[in-house]
Amino acid sequence: MSLLPTATISDIARHNGQTVTLAGWVAHKTEKGKLVFIRLRDGSGVIQCVVFRKNVSEETFTAAQRLTLESSCRITGAVRADERAPGGFELDVSSIEIIQVSPEYPIQPKEHGVEFLMEHRHLWVRSAKQHALLRIRAEIIAAAQEWLNAQGFVRFDTPILTPCAAEGTTNLFATPYFDLGTAYLGQTGQLYVEAGMMSFGKVYCFGPTFRAEKSKTRRHLTEFWMIEPEVAFALHDDNLALQEQFVSAIVQRVLERRADDLATLERDTKPLERCIPPFPRITYDEALRLIAERYSEVEGCTPLEWGEDLGAPHETLIASMFDRPVFVERFPSAIKAFYMEPDPDRPEVALCADLLAPEGYGEIIGGSQRIHDAALLERRIREYGLNVDDYRWYIDLRRYGSVPHSGFGMGIERATAWIAGTHHIRETIPFPRMLYRMYP
RNA sequence: UCCCCGAUAGCUCAACGGUAGAGCGGCUGACUGUUAAUCAGUAGGUUCCAGGUUCGAAUCCUGGUCGGGGAGCCA
């Protein structure tokens with residue numbers, strides 16, 4: 001005995017004319033006298049099932065009437081092409097097996113407030129738009145990993161519990177760790193992935209990262225997923241070239257494979273279709289000049305002194321000047337992480353770049369060439385007020401066959417928000433962790 | 001942490017200091033082509049909490065709680 005369906009809705013066309021059993025949940029129901037329409041959702045798609053009183057047993061018709069929104073059931077019937085049906089096919093029902101009748105389902109097909117939806121996130125993920133969004137997230141993750149694998153990268157998993165701050169300054173989540181004191185939830189796998197790079201040449205890590213920053217915006221989560229490639233012998237320009245190929249490959253794959261989901265989300269795909277290398281590159285200095293000329297175009301945007309970091313309004317302004325993602329490179333070293341390689345021609349700036357997504361979605365990638373000289377690295381650690389002993393192993397990497405190398409980190413949720421065209425990052429992960437929400 | 005906004009039926013909201021309401025959803029009934037059906041009927045309230053002003057507070061004031069939008073920081 002099996003409860004498994006004999007067909008899935010996504011490839012129902014192959015079963016045209018056949019009798020199949022589907023298994024899923026009631027996404028919508030309309031009764032019209034001796035006729036019941038059930039939209040059944042099985043995870044792969046939705047199909048309308050039609051129950052005619054005269055064509056079925058009394059038990060089956062009663063079962064159809066008893067079904068409520070989100071009730072689970074198995075429905076057997078004949079697949080029939082029908083122009084009146086959304087999707088082109090519908091099921092002429094012959095029998096219904098109820099698994100469970102759902103009591104009044106909280107989420108209705110109408111407007112709901114943010115608080116209510118977040119409180120019901122465990123149910124909200126069933127809704128059509130959330131379903132499409134999370135499927136696009138899964139596609140982005142698969143595309144990113146498979147593209148890197150095909151390029152010869154090796155996945156190199158890095159620890160989540162770490163003994164010290166990778167980048168020192170930002171706030172970390174702390175937790176007691178037996179007799180060894182305090183452990184911190186990792187904010188990046190980068191330092192560890194550099195060790196992997198020296199073993200495999202091309203590696204990446206992928207996993208959740210944690211930032212205990214009290215950020216309360218549509219672009220921030222306290223727990224988010226990041227994919228971080230690292231390449232031996234790669235210089236700054238190689239790094240940018242890798243990033244634009246990587247991002248473009250992901251976008252093109254989502255366009256190819258998730259067109260239906262993008263349509264469900266009413267995403268305008270034209271800006272995505274333009275996302276082809278080369279991406280424009282401007283330096284931090286050029287960015288400051290552009291901001292000085294045009295800051296009045298964005299509310300809250302002000303001119304910057306050299307040495308100040310770009311804020312959200314500045315990123316929005318810069319991104320609005322280009323029709324595809326744009327690199328802003330060579331920031332002042334003082335406002336960037338300690339491990340970034342100085343520009344040999346201008347030591348006060350770092351060989352780093354942020355990739356800003358178009359349409360105001362902000363920074364999706366941060367990356368740099370890393371310092372490969374042990375003495376310089378140690379000096380920088382001291383300058384940043386960090387404890388050199390904590391970084392012995394990291395400095396050690398520069399003592400045994402050190403090579404110039406580069407890498408970057410892409411935030412999965414921000415990339416998903418941009419590609420899917422979602423206003424708020426909280427919808428791009430199944431269960432967002434935010435400053436004021438940890439439930440469900 | 002700072003600035004701004006909000007909290008009334010299960011949900012989305014209305015009620016200008018004077019009897020708390022609508023739509024949707026639920027329930028009951030009608031309907032053989034519905035797409036968030038339509039029509040009729042019906043149930044449903046500690047107006048976030050505490051205090052204050054007032055003859056009278058959902059409404060005004062004070063404090064708190066919870067939430068939303070934004071900033072800084074970052075991906």
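Heavy atoms only: backbone and side chains are in, while hydrogens, waters and symmetry mates are out. In what follows, chains are A, B, ... by sequence order, proteins preceding strands, each numbered from 1.
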**Q.** Centroid distance under 5.5 Å and plane angle under 30°, Tyr436(A) vs G67(B)
**A.**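 No.
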Complementary nucleotide for [N] - Watson-Crick or wobble, under 3.5 Å:
N: G23(B); answer: C11(B)
N: A75(B); answer: none
N: G63(B); answer: C49(B)
N: C55(B); answer: G18(B)
N: A30(B); answer: U38(B)
N: C2(B); answer: G70(B)

Between [N] ([atom2]) and [X] ([atom1]): distance, integer Å:
X: Glu83(A); N: U34(B); atom1: CD; atom2: P; value: 15 Å
X: Ile38(A); N: G33(B); atom1: CD1; atom2: P; value: 17 Å
X: Lys29(A); N: C27(B); atom1: NZ; atom2: P; value: 9 Å

Out of [options], whichever nucleotide has its closest atom nearest the side chain of [X]:
X: Gln108(A); options: A71(B), G68(B), C11(B); answer: C11(B)
X: Leu221(A); options: C74(B), A75(B), U12(B); answer: A75(B)
X: Glu104(A); options: G25(B), A75(B), G68(B); answer: G25(B)
X: Phe116(A); options: U12(B), C66(B), A71(B); answer: U12(B)
X: Asp309(A); options: G68(B), C73(B), G70(B); answer: C73(B)
X: Lys110(A); options: C31(B), G72(B), U12(B); answer: U12(B)
X: Lys32(A); options: C31(B), C74(B), G72(B); answer: C31(B)
X: Arg219(A); options: C73(B), C24(B), U35(B); answer: C73(B)
X: Arg426(A); options: G68(B), A75(B), G33(B); answer: G68(B)
X: Met226(A); options: A75(B), A71(B), U34(B); answer: A75(B)

Quick one: does [X] reach the base of [N] with a side-chain donor-acceptor pair under 3.5 Å?
X: Ser215(A); N: C73(B); answer: yes
X: Glu31(A); N: U34(B); answer: no
X: His220(A); N: C74(B); answer: yes
X: Arg437(A); N: C66(B); answer: no

Check every strand shown and say whether [X] touches a base, only sugar-phosphate, or nothing at a heavy-atom separation below 4.0 Å.
X: Arg218(A); answer: sugar-phosphate
X: His424(A); answer: sugar-phosphate
X: Ala415(A); answer: nothing
X: Gly113(A); answer: sugar-phosphate
X: Glu90(A); answer: base
X: Glu413(A); answer: nothing

Q) Looking only at atom C1', what distance separates G45(B) and A40(B), rounded to whole Å? A)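 Approximately 25 Å lies between the C1' atom of G45(B) and that of A40(B).
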**Q.** No-hydrogen, no-angle side-chain donor-acceptor test under 3.5 Å, Glu228(A) and Thr188(A)
**A.**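 Distance-only check passes for Glu228(A) and Thr188(A).
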Q: Keeping the roles fixed (side chain from Ser127(A), backbone from Lys129(A)), state whether a donor-acceptor pair exists under 3.5 Å.
A: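 No: the side chain of Ser127(A) does not pair with the backbone of Lys129(A).
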Q) When rounded to the nearest 0.5 angstrom, what distance separates CG in Asp354(A) from CD1 in Ile318(A)? A)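 Here the interatomic distance stands at 11.5 Å.
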**Q.** Interatomic distance, Ile412(A) atom CD1 to Phe206(A) atom CZ [nearest 0.5 angstrom]
**A.**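 So the CD1 of Ile412(A) and the CZ of Phe206(A) are separated by 4.5 Å.
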Q.
Is the ring pair Tyr284(A)/Phe331(A) parallel, tilted or perpendicular, if the boundaries are 30 and 60 degrees?
A.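 Answer is tilted, since the angle falls between 30° and 60°.
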Q: Please work out which of the three classes, parallel, tilted or perpendicular, describes the rings of Phe279(A) and Phe327(A), given edges at 30° and 60°.
A: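 It falls in the tilted class, 30° to 60°.
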(Q) On RNA chain B, compare the nucleotides closest to Glu115(A) and Gln48(A); which residue's is nearer the 5' end? (A)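 Checking each residue's closest nucleotide, the 5'-ward one belongs to Gln48(A).
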Q. Is the shortest distance from a Lys or Arg side-chain nitrogen in Arg258(A) or Asp260(A) to a carboxylate oxygen in the other one below 4.0 Å?
A.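 Salt bridge flag = no for Asp260(A) with Arg258(A).
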